[in-house]
Every structure is written in C-alpha cells, then in structure tokens.
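Here is the structure we will look at, set down as structure tokens.
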Amino acid sequence: MLRWLGLRIAGGVFVLWAVATLIFFALRLIPGDPAQAILGGPGSQASPEALAQVRLDYGLDQPLAAQYFGALGRLLRGDLGTSYALKTDVGALILDQFWGTLVLTLAALAAAWIFALGLALWTTRGGWLSDRVGSGMEIMAAAVPHFWLASVFIIVFSSWLGWLPAISVPGPIGLVLPVLTLAIPLAGFLGQVMRESLADALESPFALSARARGESETGVRWYHGIRHAALPGISLSGWAFGALLSGAVVVETVFARPGLGRTLLNAVTIRDIPVVTGVALVSALAFILVTVVTDLVDRIADPRLGTS
Amino acid sequence: MTLSTTKLRSSTLSALALGAGIALMTAGCSAQTSGDGTSSAPTSDAGPVAGGTLVYASGDAEPTCLDPHVGGNYPQALISTQYLESLVSKNTAGEIIPWLATTWTEDADGLGWEFALRDDVTFTDGTPFDAAAVAANIAHLKDPNTASSTGYLAVGKVKEVVAVDDHTVRLELSTPDSALLDSLSQPWVAIESPTALKRSQEENCASPVGTGPFIVDTWVKQDKVALVQNKDYNSPPADAGHTGAALIDRIEWRFIPDSASRYAALQAGQVDVIDNAQPDTIAAAADKNGIAELNAPRPGAANRIELNSSKAPFDDVKVREAFIRAAIVNDGINSLFFGTAERSYSLLSSVEALGLSTPEYFDTDLAQANNLLDAAGWAEHDADGYRVKGGERLSLTFPVSTNQSIPAEQSLFQQIQATVKAAGFEVVLEPMDLSSWYGALAAHEYNLVSAPYTKVGPDVLRILYHSASITPAPSGYFANLAQVNDPEVDALLDEASQVTDPAKRAELYENAQRLVLSQFYVLPLYDQQNHYLHSTAVQGLRAMPTVSTPTFYDVWLDR
Amino acid sequence: MKSKLRPGEIVAIATLALLAVAAIAPGLLSTLDPLGIDPGQAFRPPSAGHWFGTDESGRDIYTRVIHGARASLIIGVVATVIGIGLALLLGVAAGIGGRGTDFALTRVSEVLFALPGLLLALVFIAIAGPGIATSTIAVGLATAPGYARIIRSQVRAIRGAPYVEAAIVLGRAPGHRLTRTILPNAIAPVFVLATLGVGQAIVWASSLSYLGLGAVPPAAEWGAMLAAGRTYIGTAWWMTVFPGIAIVLAAGAATALGRSLQNRTRQVNR
Amino acid sequence: MTDTSASILSPAVARGTPVLDVQNLRVRFGRGPQVVDGISFELTAGECLGIVGESGSGKSVTARSLIGLAGTGAHVETDHLRLGERSLVGLRPATWRGIRGRKIGFILQDALSSLDPLRPVGREIADALRLHTRLSPAARGVRVQELLTAVGMPEPHLRARQRSGELSGGLRQRALIASAIALNPPVLIADEPTTALDATVQAQVLELLAQLTASGTGLLLISHDLAVVKQLADRVAVMRAGRIVETGSTAEILEAPQHDYTRSLIAAVPTGRPRGERLSVSSSPVLPATTGALGTQTRPHEPPVAPEQHPVLDAQRLTKVFRTPDRSLMRAVDDVSLTLHPGRTLGLVGESGSGKTTVARLLLALETPDHGTVTLHGEPWSPLPESARRHRRRQMGAIYQDPSASFDPRLTVEQILTDAAGNGSGGTRQHRTRVAELLDSVGLASRTRDSRPAHLSGGQRQRVAIARALAPRPGIIICDEPVSALDVTVQAQVLDLLNDLQQEFGISYLFISHDLGVVGHMSDSLLVMRGGRIVERGDTEAVFRSPAHEYTSRLLAAAPRL
C-alpha cells in the first residue's frame, strides 16, 4: 500500500510538472503582449518606457527557455509568481479563493451523491415504470446546462418565492442554490452509473443469498445495494471533481460567489497569465489529491482491487 | 439646465395629465425614468435617519486596482467616488463648482491656472490636504510606473505644478486647455494622500486614501469591498444635500456580473442598489413597489457605431451614407430598450450642453442607399443577395465586445445587420472578449465598431475625431476608431480646445460636429446607458453631475 | 441478438429522427425565416401565430429552434468526432504500444485529464479566438481526455483478451492482429460512447456561448439562443425554455439511445 | 466436529419426520414453457435427497421456488408445498421472509459471488441472526464465532472480519454454509455447493454437509455431478427438462438405472474409466450427434505411433516468476520439464493455482520463461523472438477452458474457421469446403456456420474451438481445462471427440485439468503439479495404481467416483 501511495505521489508530481509546462507554453501562444496585460490590460495606453521597464522587471525580455526554467525554479520554491492585473502574490490570491470553491464543489459532490444514490435506490427494480422514470430523470438531469439551471433556480426560488438568496451570502443558506445547480447535472451522470451497478448487484447471487436468508428487498438495498451502487460513484469522483471545477466557472459567475472558477474566467479574459497558470496547477493538484483519495477509498471499499 | 430628452418627455406627459407644477411634486408615486441624475424614488415622510449598511451590486468587472489613477475606467470611477474627491465638481446645470479647490483663475494667455485650496481638509490617514498633495497627485498621474491612461490624458497639457503657498497651487500648461476644469472634475484625477501614494502600488491599489465621505476598509477579491464612514468628513462639493459626515455607516460593494442574478438579488432584498440595470428589468421594475430607478446618462460620447473610413468599403463616403441610410435603428431601440433609451442623433451625450443633434442625416431611405451603392460601383449582387464589386463581397466586419455591449445592444446590432442586408450589405458580427476585441481594433480588423468613451465636456471630440488619435499607443490602442483624418476637423478641434471665450468655443465645436456627422463617419444610437435600480428604502441617492457616478454621501436608509 | 425496440428507444429514435429532419430540411417544419427580424413583434409570448413566442428582435423562436438543430447537431457531432478522434489516437497508441509508449501517453492524457475541461476550452479559445469553430474544437479538446481513458482501457482489455491470444497462437503478425482483431473490436463501443458524447458536447458548447465564447449571433443555435434568452429570463421565459427543452431532448435522446446500445452490446457479449 | 458444534447444529426435529413435501410443482416464466413441469418429492429430517440434472433441467429453479424466490415473472403452482406441517402456498412476502433462513437454509453454488464481496463474511452470517433473532450485536458476534468454529473455519475471529475475496474457495464455502445454518433450519437446500472447488476441498465441504445431515437436517442437494451426489444422498432424483425421470435410493439409481438418461449420465463419468473407452451415448438426443465419419461406439485404444520416436514437444527446466500485487515474487512454474510424444496424450493435473495454466502459456510461447527452453519438433521454440517463431505457430493449436472469450465476438463460426484455416481472405470454394470439413469432423451441423459462438450452447462452442484448433492441421494441441465448464454428458462427448480426432489425425495432446478423473481417462502418461512443481510423473495407470507422492494419493482419495 505504501509503495502504491509512493508511486501515486511520484506520478502526481510528474503530472504537476507537465501541467505547468503545458500551460506555460500554451499561454505563450495567446496573442497579445504580456507587458500590456501587466500595465492595465487591454485598451490601456502605457508608454513605451513603461512597457520596457515592465519587460525588464518581469523578465519578459529573456529567451523563452530562460523564462521557463525561471518559472519552474520559482514553482519549486512554492512561488506561483505575481498577478499581472492585481500585482499580488498568486499563491495568496488563489489560497483566498480556493476555500470557497472547495466548499462549493465538495458540497455539490456530496449532494450529487445523495441525489444519485437516493434516486437509484428509490427507483431501480421498483418495477418497469419507476425504473424508466428514474433513468429518464437522470438522462434529463445530465443534459441540463448549469447556467440555465441556475437561472431557473434564481427566478423560482429568489424572485418568485423569495426563499433563497440569489447571490452568495454568508452561511449555508447562500450555498443552497449554487450547490443544487452543480449537483443536479452531476447526479444525473452518477445516477446512471450507480443504477446500472445497483441493478447488477440486486440480481447477483449474493443478493439471492441474502433474500434466501430472509432479507427484505429494502434490506437487500440497504445492506448490499448501497455499497455496490456507491463503488462506481467513488471511482468516478475524481472525474466528477474535475467536472465540478468546470461547472464552478459558470456557477460562481451566476451566483456571484468568490472562487477559483471566477478567478480563472477573469484571468483568461484579461490574459493574467500567472493567475491562469496558478489556477491550472491548483486544479491539477486538487484533482490528483481527489483521485488518490478516491482510489484509496476504492481499495478499502473493494478489496478485489488490491489483488487483481 | 441640461435635461435629458427622456426627462423632458416624461415630465411633459405628466404635465399634460396633471397640470404644470404639481406634476413634478407628485412624480414620485411610482418609479419613473428621470434622466437628471436624481432618483425617482418616492420620498419618505420621515426625516433622514443616520446609520445602516448599504449593499451595492455592480455588474462591471471588478477593478484590479481601487486607485483610479492606475488605468482609469468607469468601474474605478464608480467606487472611488465614495472615497476620493477632486479639485472641482459640476452642478446639474453643467457649471464647474468648488470642491477641494475653492476658487481658481486662468492666466490671460491660457497657459497658467491658479487654484486656491481648502485649508481645513485632512486625508483619512491624517495627512493634511495642501498644495504639495496636489503636486504629488499630478506627478503620480504622469509617472509611467503608475500606468495611468485616463487621468494621464486629462492632465496631458499640464507641464508643471507649482506650490505657490501651502494652500495655493499653480498649474503651468504647455498649450491652453479649455477643457482643464472639466478634466479636473473627473474621478480619475481625484486627489489622494501623498503619504499613501508613497506606498507600493499593490498597497495603494488595495486601499487608496482620500478625503471622501467613506474609507476603504477591506477588499475581499472577487467578493466585495467594504467601505466605512469617514467620521471626520467635512468637504462635500458645493451641491451636496448636507454637510458633515455621511449618513450611512457602511457600504458593501459587491460584484455580481450576471444581470439576472443582480436583479433577483435586488428583488429579494439582498442588495439595495444595482448598476447596469437591463432594459427589460427597468421596465418590469417600474410596475413594482419597492424598487426605484436612477437614470444618469454618462457624459462624453453617445453610444454610436463608427465606420472605419481608413479602408474599403467605408473609405467611400457614398458607401458610408448608404449604410447609415439602410440601417433601421429606431424600431429596435424602442422594442429592445422598453423606452429606457432615446435615439440619439448626436456625437455627444445628451448631458453635454454643446452637443449637436442632426436627425436630418439619419433618415432611413433604402432606395437612396441602393442608389448610392450603385453609384459607388457596388452594383452587382451575388447569389446570397449581397452586393459585390470586382469579385469582392460588400462585407463588413463588426467585432463586438461582450464585456462592453449589453445584450440589448448586441441584439440591436443583429437588427442592424438584418436591415442593411436589404441594401446588400453583409455584416459579420464577431462577439469577443475584451482582450481579443482590443486586439482586433489594434490590428485594424474592423469596418464597424461600437466603443464607449466617457469624459467630461466636449473635449472628448478631440480625442475621438482628431487625426492625432489615429496614431496608436504602444499597445496598439487608438481612440479615433472612425479614423477621421480631416485637416479641417483637426483645426476646429485644436482651436476649440484652446479658446477661452465660451461662445466661440461652442461655435467651433458645433462646426466640428457638423463636419463629422455630415461625412457619415458615425451612426449615433443613444446615450451611454447608465441605469441604476435601487430599493425605495434608499433615500437621497443622486448621481454626480461629473461622470454620472452615484454618490452615497447624502443617502439614508428608510427601513 | 435481435430484440424488439422498447418504448423508451422508440421515443429516443423518433426524437432524433425529428431532429434529423429539422437539421436536413428545416423548411418542412417551418416556413418562416429564422433570421427575419420584426422589432414590432418582439417579446411575444407563445401563441397560435408564434408557437414558442418571439425573441427580442421579433424572430419566431419555433422557427429558430427548428433551424438551430443543424448548427447544434453539427457542433455536437463535430466536437464529439474531434474529441473521440484525438482520444483514439491517444488511447489506441497507448493501448497497443509497448510499456513505454503506454506509460508516456497515459501520462499525457492524465495531464489533460487533470485540467478542468473548461480551463482547456478557455485557454484554447483565448489562443485561437472565439467563434463557433473554435468553441467546437475547444469542446472536442476538453472532452478528449475522458474518452482517451475509456478507449485505452478498452484497447488494453481487448489486447489481453483470450481471442487476441488465440490470434497469436494462430501465428498472426502484430499488424494483422491490430487491424483485424483489436481495432474493430475496440471501435464498436466507441460509437456508443459517441452517441453519449453528442448530447454532452451540445451542453458544453452552450456553456461557452453563455460565457460569450460560442456561436456567433444571430445564427440560430440552441446554446447561443439559450445564452441570449437568459438575460430576459425574468420577463420572457419562453426565450430560454424552448431552446433549453431542445437541448435536453437532443442530449437526452442521444444519451438514451447510447445507453440502450450499450446495454444491447453488453447483453450480446454476455 | 466438536461437542459444542453438535449442539449448535441440531435442529429440534426427530429424524424421519417429513420436513418438506412437494407435490406437482410447476414453474414457468411469463408466457414461456414450463421450466419445471410437475415434480414431486418428500424430504425427511436427517435425510439427504439428491437432485441430479444438467444445465437447463430446471433443478435450480426448483430449488428457488421452494423458498419463494423463483424470480421475477415466475408463475409457481403446486398441488401442495409443505414445510413440516405448514403449507407454504400463497404466503405473504413478510411471512416468506420469516421462513427463509430460519426454516429453510439455502446454499448457492459459487461462494465468491454468493457472499457480498464488499462485506466481511462475519456480517453476512450475522445478518441471518439480525433478521430472525433479537440478539444484540455482541451476542450475534459470539454466535458467529461459534458457527464458524462449527463449520471448521480456522481462526474464526480473524476470518469473520475478512471479505469473501480474501478467503480461499473452501473457506468461503464454509462461511456461506455457516450463514445458511445460523438458525438451525430443519431444511437445507444446497445448489451445486462444491462445483467450483478443487477435489480435496470438495471432499472437505461434503464431509461438513454429511455432518449436518447426521445431526438431523434435511438436505436437498442439487448437483450436476452424480459422483458428488453419491457421496451424500440417501435418495436420488434424476431431473431432465423440468421433470423427474427417475427416482430411487442412491444404490438403486447407480447400480440399476432404469431410464436411458440416467444411464447416459452414469456412462459419461470418466473417473476410473480406461483410456479409449467411449463415454458418450452417440444416440443421445441432448445434443447434435457426434456421428459422421468418426462415429463408432467403442474403439480399443492403441497408440498409433511408437513412443520411441522423437518427442514433438520438449520442455526443459522451465521456470517463470511473477510479481504478485503485494510486490512479492511468486514462482508460478518452478523447474518443470516435460516431453510430449507424437500421437500421445500427456496429462497435467493440479489444483487451482498450481501453475498448470502458466505451463500451457509457456509451451504456447505466450509467456517467455525466465529459465529453461522449449523445443518444438527438435528445433528451438522458446525463448526466441516472436518473429522467428510465427511461421511455425500453426504446428501447435490450443483449446481453452472458456471458449466464448476466445472467439472474436464479431465473427461467425465460418469466419472464425476460415481465418484459422488459412492466411488468405475467406469466401473461396476451397475455404468453404475446408470449413464444412472441419464442422463435420467436430460433429457440428453445417447450419451453425453462420451463427456467432455466443449464440451456441456450451458444448457446441467447445466444438467450434476444437475445429479452430484443428484448422491449421497442427501436430500438437494444448488443451487447458477444455471440459471443466461443460455438463457431464457434453463433457463426455467432447472427450470422445478429442480421442477420435487423435485416432484419426495422430495429434499429440497436452491435456490440462484439475479433474483427476478426466485426466486419468484421457492421458497416456501423467504429470501431477503442485505449487509450480511437478511432484509426480509416470504412466497414467501406474500412477493411479500406486501413487508415489503423498499429494497424489490425497488427490486420488478426494476424487469422487461412482
């Protein structure tokens, strides 16, 4: 297990390096002068002297290779650089924004899990109709764009009913709509997978064994079904987390929540390269951690994985 | 008195219904559009109450720096109006009035200005306000490291700043500048504490220090800026509603980019004031109790489409006229803006007293457009119904900034696209983000473009239509997007910027405007829309007559 | 094994057939001009004259939804083809290559996978400029790593399958095994994957449209219509509801069909 | 069994009392045919009734119907169904649940899939107690320990916390039995309880079941394997196509079978049957006949080629080391040498995990040996680069345990055989003739040529696999467990077919199986493998007569025989 963990960590470090490299060179392909982005962004009227000064200060006059290794060196020391637009430390900036997104995505992941599992347990093999209805709901949910769902929620729950705030407010109440918006499409995806796995489990010999032992259908679902339905959900959680980060870009914009998604969108719009790089690295890191954790949970939940 | 046409219309209607005089007194029964920069909210019977927190929701991009010297855009002006003050201000009649400067005189040759400063004002960090502070601010604006764009242009002609004594400052100019007072009234040249300016730019951006009624307390990026009351405040402009400290304790300045969320938050009571209100919500809010509107068109240029005359096909005035004659704008404005915007036939905002309105150049006439195009050699049509000349399709590239053009405006462009098709124009709309949009302009990859420009006074004409403004900054940016390169226009604008005689100045500007308009460089649409919706609990809200930013100094909360 | 179509499959196939008609011959379903503006008729709610109401420029939304099928389906299909095409290159190369190739290519797709899809799309659009073509490619790019993972495991599973070993025992050369045995078997499930992907690609592209980076107005495209109508959601719900339903129906029908194909292949292989 | 376990395991019913009485049980699914078509039997306390039948005979559905779990869409009817004095007809679901596990215990075939792989086995056993008693969780834990001890589970407290995947097959089956007998049910239904187990483990489990009947439980033992049933059953019912064709005491059935089908079942058992004796009844209506050019009833076995000739395949000191998931090294094959002579069959027997499949893969050069060499027809074979070997591949064929996985799922039988027969593309007359020839030689009807293997029966599939192996006209065929997934009568046919083909074509077989009976029947000489090593080798008859190694003796002793 330790050796496995070590390999995973080494793999993670490699992925981080590759992400940094990829993003570094990809962002160099974006048309536009980084010095311009530093000096007030598009449309500003920075003087040639100021641009020259900035190129010198930020090392933009150096060859690309030197810039790359410089950036890599700083990265190794944990320095993500300075935001072009905000002139602040990217690491600190991202740290500020990270928690909001983390809370949002983890809450959405949990909610999606509960919805998906609940719906699957409720409708699978409850008869032809309920199975169809359940799976239809999942397919529909998975096909709903976040921004549309968010709008509908805002209109219904904020404007018409006035039950929930339309924008982020402190406390859990402000999380309800953003989390629902992120969770429902994801629940559609997870639900489809969980339903399949649950249906397999409910037809498997061990379920027959349990019934032969006198277990009720509810009992079979509760003691056996849940675990098997959850298993593919756990494996998918790494992917789901990445999808949630994408969704967070939209959801944070609609609900005016501070967070990495909004930071990313702003940074791309104004070509704030260090911030884009930083967000990419942090998302990759978060993704790697989540994957390692889910793999770990997978292995604990399902000993078959360790041996096969 | 400068009233917007909107105001004129609504008051006229009211007057017809209720009789002159009473109409204005009772206009507050429901929320109505008023274009004079004061809110239409019903006035409360109770007197002003001190205290409370106001939540403001901005739809603009969050500024990257709270110091409007750095860069200098409208979102910065909006927020800095609450904590920074300028030397002079303007009243609703368009006259310059004292603020941090009490009196001023211009030298006979127009090359020197002397300002007497208030001697009882202190910055909120304790630094006294004096002549040295003014000098430090202008130096800060002119320092390339500040990277000022707007303020830098405003003080462009200031050669030297001399502190005559502690509370008298003299500005030496390189050439006379008739727009100097207008320029100095803008928030982008507001006066900041010289002590604070000595800090790093990162620090100064996060908490600029001024003399205003509020103080920047904290800035949580992507979330909000918290402003707190300046208890020792004593320097309101001459047209303010009261003296002493502001009435509310605190402002939470939030950034809600999504217009539907913003309006929903106002409806649900999570925010008190929103800006960039969309036309349909303004119309909807008019029927709602508890929500009022503040309409404050921005000064400077009207919103307009500029026709790039530097390259084919718009290098031919006939083609430009044909386009303008073919474009049907009014129907779209009526339906898309729900009566919240009035068609403009002027280069300048309706709040600019010297604006020239020429509806005669903008009659739509498809037959004439067709004739003009035939005459210009675009006589053939291709299979899709577009005109062609020498194998080239009459195609116009129209980059649209999704950050700057609101959805209704983007829809209007689509309608123009559809209507000019009847004359055989193909318009290719290219929505893009701000960086790409500036990139397209810098690369001259456009035939049509709509770019807002806010500046106090008619001097904006010089920036937008003088041939010198075709020369790009190092970033590639240039303001004369129609690429008007007319020595006659240049001469008129140069002279107007230097004369001191108001009548002469007005005449010069009128001639310049007529020249530009008659050559069909520009299709004016409407004023730069600047609508605010607010809860009726917000009392005493008004927009500064300078650049129409709302001020919360007189505001109190009737909750 | 041939079995009768289930009602769900019939509904899905009927929906897709209708969409195909709309995409190929929209004139059969609506005679109006999807781009024809009429400001005097703006913001009309659904009525007998305008089944789905009109939009902010007085265009008939029903007509636009019908005409939007082509653009949206093209976006969905092209983005999926790009995504799966890239994934095939990556996945197949990883699946059939040696240990080293597999390791390297798996890391590559892991790297892409570790980046949120929207980030990849945003960066790509920033590089290539916005528009319908770039956003389609961006969606393809963003979805490729996910497909690559599935295809790779598919190819590896097939490569280790007894029937491939049987081909070795029969003395088949690696190239022969690849083209005659591994690829044909690996690609079949990819088609299923593709039907699932089309719906998702449409949803992705609509999100890019919402962020202002998608299809160019006034082109009738569902995502762009949805994004445009969202501004008026409080006052003209029909502007978002109908294109929204179209997206959900198209994505849902494609997904439903994909899933039932998946189930059928599974049953056959059992 | 210890004293404690005896008390734990005795149901409070006197021996000889009827515990289960079934009259005219009929089951069908939906509008389908009767899967179970009117069967009747009675089970008394302490008695074991064996139900023997092949796949599709309806024996499993019968078993499930008895506990009301025939499955969705099943229509179950009986004249009467009594558990002791109580009728089980028309019970409500809740009442059924009170009976299952408490009054009737149920043991399914494969314990790996019949125990939830994600839950500790202790919990699975405790579930029965949770459902039917008011014991506290702690008390349940104690009882689980007792039960595990009673079923002979070593280190019960440790095992209770493990999941089924972590247990060996035998221990797993014990855990499953423990969960079924937790409430001392008077009736125990065991559906193929030992099918997936190695012979030695099977013997242990059967012993455990015997102890249960000895303590008074009525056992309904369902199996396809007469030899297994013989070990335990007092009476046997032979089932076929939903009906009981013959019933009687075990001795009567085995020694004086009345029905043809029973006779064919008995005849099909290879254990102890001399080499060359036919096992199948060619007129058997169950499957397409194996007649044709090859079909004669019996043919005395004569090695067609003299053993002095050069070996066709020779392996010297093969060693293969694998890395296990926990990174330790495992010598899967350790210093194995073997020689295969022309026209002869070399048997390789061993239990699961003994390394016999790895030997097959080394010989087929699908794995490269870490040490040792393989020589084919006197020339080097492995290790060699694959490209040097490829053109000689056609000299050696292979047949696998699971034929369905070994066919490309896209291909039809004809395509598979055409592909195997030549390197060119199919469709020519020559190819069609060859396919017809191959189908004929394995006794498949020519209409199967357009089917896909997935749609054929298990026996037909294995015949296709054999046809494919024959297609390149190889001199050697490696058969890895070729019959272990098949029913006895089908197994008999396939084994006969292999023998016939050897007679006709002079093919040499390496015949690998865990089933000593099958290997004994098929091989001229024999290798016994355990833990990667050959522990015994020699002439088959000699080994059976006087095994030299203790392990071989144990295997021989454990193998059920008629």
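Remember, predicted model here, so these are calculated numbers, not experimental data. Only this structure's heavy atoms are used, side chains among them; waters, hydrogens and symmetry mates stay out. Order of the sequence lines fixes the chain letters, A, B, ..., with proteins taken first and strands second; residue numbering starts at 1 for each chain.
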Heavy-atom distances under 4.5 Å only: say whether [X] touches chain C with side chain, backbone, both or neither.
X	value
Glu138(A)	neither
Leu22(A)	side chain
Phe147(A)	both
Val290(A)	neither

Quick check on the interface: out of [options], who has the most heavy-atom pairs with chain A under 4.5 Å?
options	answer
Ala142(C), Ala128(C), Ser207(C)	Ser207(C)
Ile127(C), Leu118(C), Leu120(C)	Ile127(C)
Ile202(C), Ile247(C), Leu122(C)	Leu122(C)

Margin query: Shorter than 4.5 Å, heavy atoms on both sides: which option in Leu16(A), Ile155(A), Val250(A) has the most such pairs with chain C?
Written below: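 Max contact count across the listed options: Ile155(A).
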
Check: Of all of Ala284(A), Ala286(A), Gly11(A), which one pairs up most often with chain C through heavy atoms under 4.5 Å apart?
Finding: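 Most heavy-atom pairs within the cutoff with chain C belong to Ala284(A).
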
Notebook entry, point to check: Any side-chain heavy atom of Pro145(A) within less than 4.5 Å of one from Leu226(C)?
Noted result: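 SC-SC contact between Pro145(A) and Leu226(C) confirmed.
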
Notebook entry, point to check: Can you tell if the side chain of Ser246(A) reaches within under 4.5 Å of the side chain of Trp204(C), non-hydrogen atoms only?
Noted result: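 Heavy-atom side-chain distance check passes, below 4.5 Å.
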
Might you point out which heavy atoms bring [X] and [Y] nearest each other, and give the distance in Å?
X	Y	result
Ala143(A)	Val248(C)	O-CG2, 3.7 Å
Ala280(A)	Leu115(C)	CB-CD2, 3.7 Å
Gln200(C)	Ala142(A)	NE2-O, 3.0 Å

Check: Is there a donor-acceptor pair under 3.5 Å between the side chain of Trp239(A) and the backbone N or O of Gly146(C)?
Finding: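 Looks like no, no N/O pair under 3.5 Å.
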
Checklist line | Candidate list Val268(A), Leu260(A), Leu264(A), Leu265(A), test side chain to side chain contact (heavy atoms under 4.5 Å, CB included), partner Leu119(C), passing option | finding: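 Answer after filtering Val268(A), Leu260(A), Leu264(A), Leu265(A): Leu264(A).
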
